[in-house]
Amino acid sequence: YLVVVGGFLLNVFIHIKSIFLIRGICIMERTFLMIKPDAVQRNLIGEIISRIERKGLKIVGGKFIIPTKDTVNVHYAEHTEKPFFHKLVSFLTSGPVFAMVVEGEDAVAVSRHIIGKTNPTEADPGTIRGDYGLTVGRNIIHGSDSVESAEREINLWFNDDEIYSYEAIRENWLYEE
């Protein structure tokens, strides 16, 4: 589709819930992030969201929920045979999480960089896990590892009417045309 937004002609490709907007060579992606129960209990939601937004990513969906075992089992299906799987399910269903859909240029890669390596002891200082995590089992936040995973996870955790498209004025200051 060709769409005019703010006087600019944009190509818009709609692929289920992942929207990719081309602004010059800038591809806007959506990704899924989940602030886990350990970070919620430690009152880190605001700090984590602040880091995401200060980087220039835009939150287009968010909700505070206690995940069901079914949702977590589907989300982490690739880990069902691993020894840590049952502890992971128990942990993620033990309390509320804050689930988000985040949008921006190369959102998957950018958010993974902000989050840091899975093991907090290997994560760089300045990353969310490097600054707040101590162990792999309590590593603060989940982030999709690919555009395909993001699409699957967004569809699992969010309905269409829970995701909002909007243009933020700051985008003109973040992305080249």
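Position 1 is the first residue of the sequence; numbering continues from there.
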Checklist line | Single-linkage hydrophobic cluster Ile114~Val108, side-chain heavy atoms < 4.5 angstrom | finding: no

Next item on the list: Drop me the distance from Ile45's CD1 to Ser50's OG, to the nearest 0.5 angstrom.
Entry: 13.5 Å

Notebook entry, point to check: If Ile, Leu, Val, Met, Phe, Trp and Tyr residues are connected whenever their side-chain heavy atoms lie under 4.5 Å apart, and connections chain through other members, are Trp157 and Phe64 in the same group?
Noted result: no

Notebook entry, point to check: For Val136, what are the other residues in its hydrophobic cluster, where any two members join if their side-chain heavy atoms are less than 4.5 angstrom apart?
Noted result: none

Notebook entry, point to check: Passes side-chain contact (heavy atoms from CB on, under 4.5 Å), Ile163 versus Ile154? Steps please.
Noted result: CA-CA 9 Å; Ile163 302 171; Ile154 290 167; 3.6 Å; yes

Notebook entry, point to check: Could you give the distance from CG (Asp145) to OG1 (Thr31), rounded to the nearest 0.5 Å?
Noted result: 8.5 Å

Item checked: salt bridge (Lys or Arg N to Asp or Glu O under 4.0 Å): pairs with one or both residues in residues 107-132, sequence neighbours excluded -> Arg51-Asp131

Notebook entry, point to check: Who passes side-chain contact (heavy atoms from CB on, under 4.5 Å) against Glu53, sequence neighbours left out?
Noted result: Ile49, Ile59

Margin query: side-chain contact (heavy atoms from CB on, under 4.5 Å) for Arg30 and Ser165? Distances and angles first, verdict last.
Written below: CA-CA 11 Å; Arg30 285 186 174 170; Ser165 293; 2.9 Å; yes

Notebook entry, point to check: Under a 4.5 Å side-chain heavy-atom rule over Ile, Leu, Val, Met, Phe, Trp and Tyr, are Ile140 and Phe32 clustered together?
Noted result: no

Next item on the list: Measure from the side-chain N and O atoms of Tyr175 to the backbone N and O of Glu105, and report whether any donor-acceptor pair falls under 3.5 Å.
Entry: yes

Note to self: What's the separation between atom CD1 in Ile141 and atom NZ in Lys36, rounded to the nearest 0.5 Å?
What the structure shows: 9.0 Å

Next item on the list: Output the rest of the hydrophobic cluster of Trp173: all Ile, Leu, Val, Met, Phe, Trp and Tyr residues reachable through side-chain heavy-atom contacts under 4.5 Å, sorted by chain and number.
Entry: none

Check: Should Thr80 and Asn73 count as side-chain neighbours, where that means a heavy-atom distance under 4.5 Å?
Finding: no

Margin query: Tell me the closest heavy-atom pair linking Leu57 and Gly104, and the distance in Å.
Written below: CD2-CA, 3.8 Å

Checklist line | NZ or CZ of Arg138 within 45° of Phe91 ring axis and under 6.0 Å | finding: yes

Next item on the list: Could you pull out all residues at least two apart from Thr127 that satisfy side-chain hydrogen bond (donor to acceptor under 3.5 Å, both in side chains)?
Entry: none

Check: Considering all heavy atoms of both residues, which atom of Ile115 and which atom of Gly143 are nearest to each other, and what is their separation?
Finding: CD1-CA, 3.8 Å

Notebook entry, point to check: Is there a path of hydrophobic side-chain contacts, each under 4.5 Å between heavy atoms of I, L, V, M, F, W or Y residues, that connects Met100 with Met28?
Noted result: no

Margin query: Side-chain heavy atoms under 4.5 Å apart, restricted to Ile/Leu/Val/Met/Phe/Trp/Tyr: what other residues fall into the cluster of Ile169, or is it alone?
Written below: none

Next item on the list: Return the minimal non-hydrogen interatomic distance between Pro67 and Val72, and the atom names on each side.
Entry: CB-CG2, 3.7 Å

Checklist line | With Leu88 via side-chain contact (heavy atoms from CB on, under 4.5 Å) - residues at least two apart | finding: Tyr76, Phe84, Leu92

Check: Rounded to the nearest 0.5 Å, how far apart are CZ of Arg42 and CD1 of Ile35?
Finding: 12.5 Å

Check: What pairs of residues pass the salt bridge (Lys or Arg N to Asp or Glu O under 4.0 Å) test when at least one of them lies in residues 54-65, not counting sequence neighbours?
Finding: Lys58-Glu103, Lys58-Glu171, Lys63-Glu162

Note to self: According to side-chain contact (heavy atoms from CB on, under 4.5 Å), who are the partners of Leu134, at least two apart in sequence or on a separate chain?
What the structure shows: none

Next item on the list: Applying side-chain contact (heavy atoms from CB on, under 4.5 Å), run through Val60 and Val102 and close with a yes or a no.
Entry: CA-CA 6 Å; Val60 295; Val102 176; over 6 Å; no

Check: Would you say the side chain of Ile48 lies within less than 4.5 Å of the side chain of Ile52, judging by non-hydrogen atoms?
Finding: yes

Notebook entry, point to check: Got a sec, which residues hit side-chain contact (heavy atoms from CB on, under 4.5 Å) with Val74, two or more places apart in sequence or on another chain?
Noted result: Leu156

Check: Under a 4.5 Å cut-off applied to non-hydrogen side-chain atoms, are His142 and Leu33 in contact?
Finding: no

Next item on the list: Group every Ile, Leu, Val, Met, Phe, Trp and Tyr by side-chain heavy-atom contacts under 4.5 Å, then state whether Phe98 and Met34 land in the same group.
Entry: no

Notebook entry, point to check: What pairs with Thr121 under side-chain hydrogen bond (donor to acceptor under 3.5 Å, both in side chains), at least two apart in sequence or on another chain?
Noted result: Asn119

Check: Considering all heavy atoms of both residues, which atom of Ser144 and which atom of Ala150 are nearest to each other, and what is their separation?
Finding: OG-CA, 3.2 Å

Note to self: Taking side chain to side chain donor-acceptor pair (under 3.5 Å) as the cut-off, I'd like each qualifying pair that reaches into residues 81-102, sequence neighbours left out, listed once.
What the structure shows: His79-Lys82

Check: Taking Asn139 for the side chain and Pro120 for the main chain, is one N or O donor matched with an acceptor at less than 3.5 Å?
Finding: no

